Chemist: 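Before I ask anything, let me first share the structure, which is written out below as structure tokens.
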Amino acid sequence: KAGVTQTPRYLIKTRGQQVTLSCSPISGHRSVSWYQQTPGQGLQFLFEYFSETQRNKGNFPGRFSGRQFSNSRSEMNVSTLELGDSALYLCASSLEMDTGELFFGEGSRLTVL
Amino acid sequence: AQSVTQLGSHVSVSEGALVLLRCNYSSSVPPYLFWYVQYPNQGLQLLLKYTSAATLVKGINGFEAEFKKSETSFHLTKPSAHMSDAAEYFCAVSDTGYSTLTFGKGTMLLVSP
């Protein structure tokens with residue numbers, strides 16, 4: 001059974017650009033959530049989607065957005081990139097919203113220059 | 001608001017020694033508690049979870065954790081460390097939904113021969 005797949009794994013952008021990250025959940029999983037991991041702030045919750053609806057959102061500016069498609073695949077977008085957006089972005093999927101077990105992908109490492 | 005405090009950003013043990021990683025939580029409601037492990041350049045993997053059943057929770061790879069409400073703690077232990085246990089460990093809490101986790105800052109476990 002394939003795990004959570006995130007693309008791209010690594011990318012470099014410059015300030016002011018925008019970026020789109022993609023996440024394919026485990027087959028059959030309908031809940032997808034996104035986390036940002038940085039050395040200073042640790043792991044921070046970005047958003048959670050279930051059946052194409054955003055159910056929860058973390059404390060991030062509006063430059064961070066996401067969506068989920070009917071096949072449960074999800075994308076997140078960051079516009080007007082800032083140096084502080086450099087981070088590992090992790091996607092996690094679960095069978096239902098409340099299974100208590102998240103399956104994480106290996107992440108997309110974004111570097112903003 | 002919920003929060004998690006992990007005592008010690010780094011813990012060093014010898015192979016075969018007891019592993020003890022500390023986690024204290026703050027939650028306004030009965031919490032759901034988790035321990036995740038992250039190996040280098042990988043996503044997070046669930047070790048174990050507490051969901052108000054037994055207070056002593058057994059997880060994968062010989063790890064276990066005990067929920068102590070009076071101490072608001074959920075410490076992770078393993079009787080005998082292996083070299084393969086070297087990784088970063090994260091404690092997490094949720095009281096709003098299992099997919100929305102608040103993580104601690106993480107504890108890097110170093111295992112020496």
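In what follows, chains carry the letters A, B, and so on, assigned in the order in which the sequence lines appear, proteins first and then strands, with residues in each chain numbered from 1. Just so you know, these numbers come straight off a predicted model, no measurement behind them.
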Chemist: For chain B, which residues from residues 69-93 of chain A lie under 4.5 Å away (heavy-atom distances)?
Modeler: A:L88, A:L90
Chemist: Starting from the C-alpha separation in whole Å, work towards a yes-or-no answer on side-chain hydrogen bond (donor to acceptor under 3.5 Å, both in side chains) for A:T14 and A:Q17.
Modeler: CA-CA 6 Å; A:T14 57; A:Q17 287 187 312; 3.2 Å; yes
Chemist: Under 6.0 Å from the NZ atom of A:K57, do we count more than 12 heavy atoms belonging to anything else shown?
Modeler: yes
Chemist: Which atoms of A:Q37 come close to chain B, meaning under 4.5 Å heavy atom to heavy atom: side chain ones, backbone ones, both, or neither?
Modeler: side chain
Chemist: Could you check whether atom CZ of A:R63 has more than 12 heavy atoms from other residues, nucleotides or ligands sitting under 6.0 Å from it?
Modeler: yes
Chemist: Under a 3.5 Å distance rule, please check whether B:T107 uses its side chain to pair with a backbone N or O of B:G8 as donor and acceptor.
Modeler: yes
Chemist: Please say which of B:F63, B:Y36, B:W35 ends up in a ring pair (Phe, Tyr, Trp, His ring centres under 6.0 Å) with B:Y89.
Modeler: B:F63
Chemist: Would you mind checking which part of A:R9 comes under 4.5 Å of any heavy atom in chain B, side chain (CB onward), backbone (N, CA, C, O), both or neither?
Modeler: side chain
Chemist: With a 4.5 Å limit on heavy-atom distance, are the side chains of B:N24 and B:H75 in contact?
Modeler: yes
Chemist: In terms of heavy-atom pairs under 4.5 Å with chain A, which of B:Q42, B:Q45, B:Q38 leads?
Modeler: B:Q38
Chemist: Does the side chain of B:Q6 reach to within under 4.5 Å of the side chain of B:F90, using non-hydrogen atoms?
Modeler: yes
Chemist: Rounded to the nearest 0.5 Å, what separation is found between the SG atom of B:C91 and the CG atom of B:L76?
Modeler: 8.5 Å
Chemist: Do you know which of B:N41, B:L44, B:T102 has the most heavy-atom pairs with chain A at a distance under 4.5 angstrom?
Modeler: B:L44
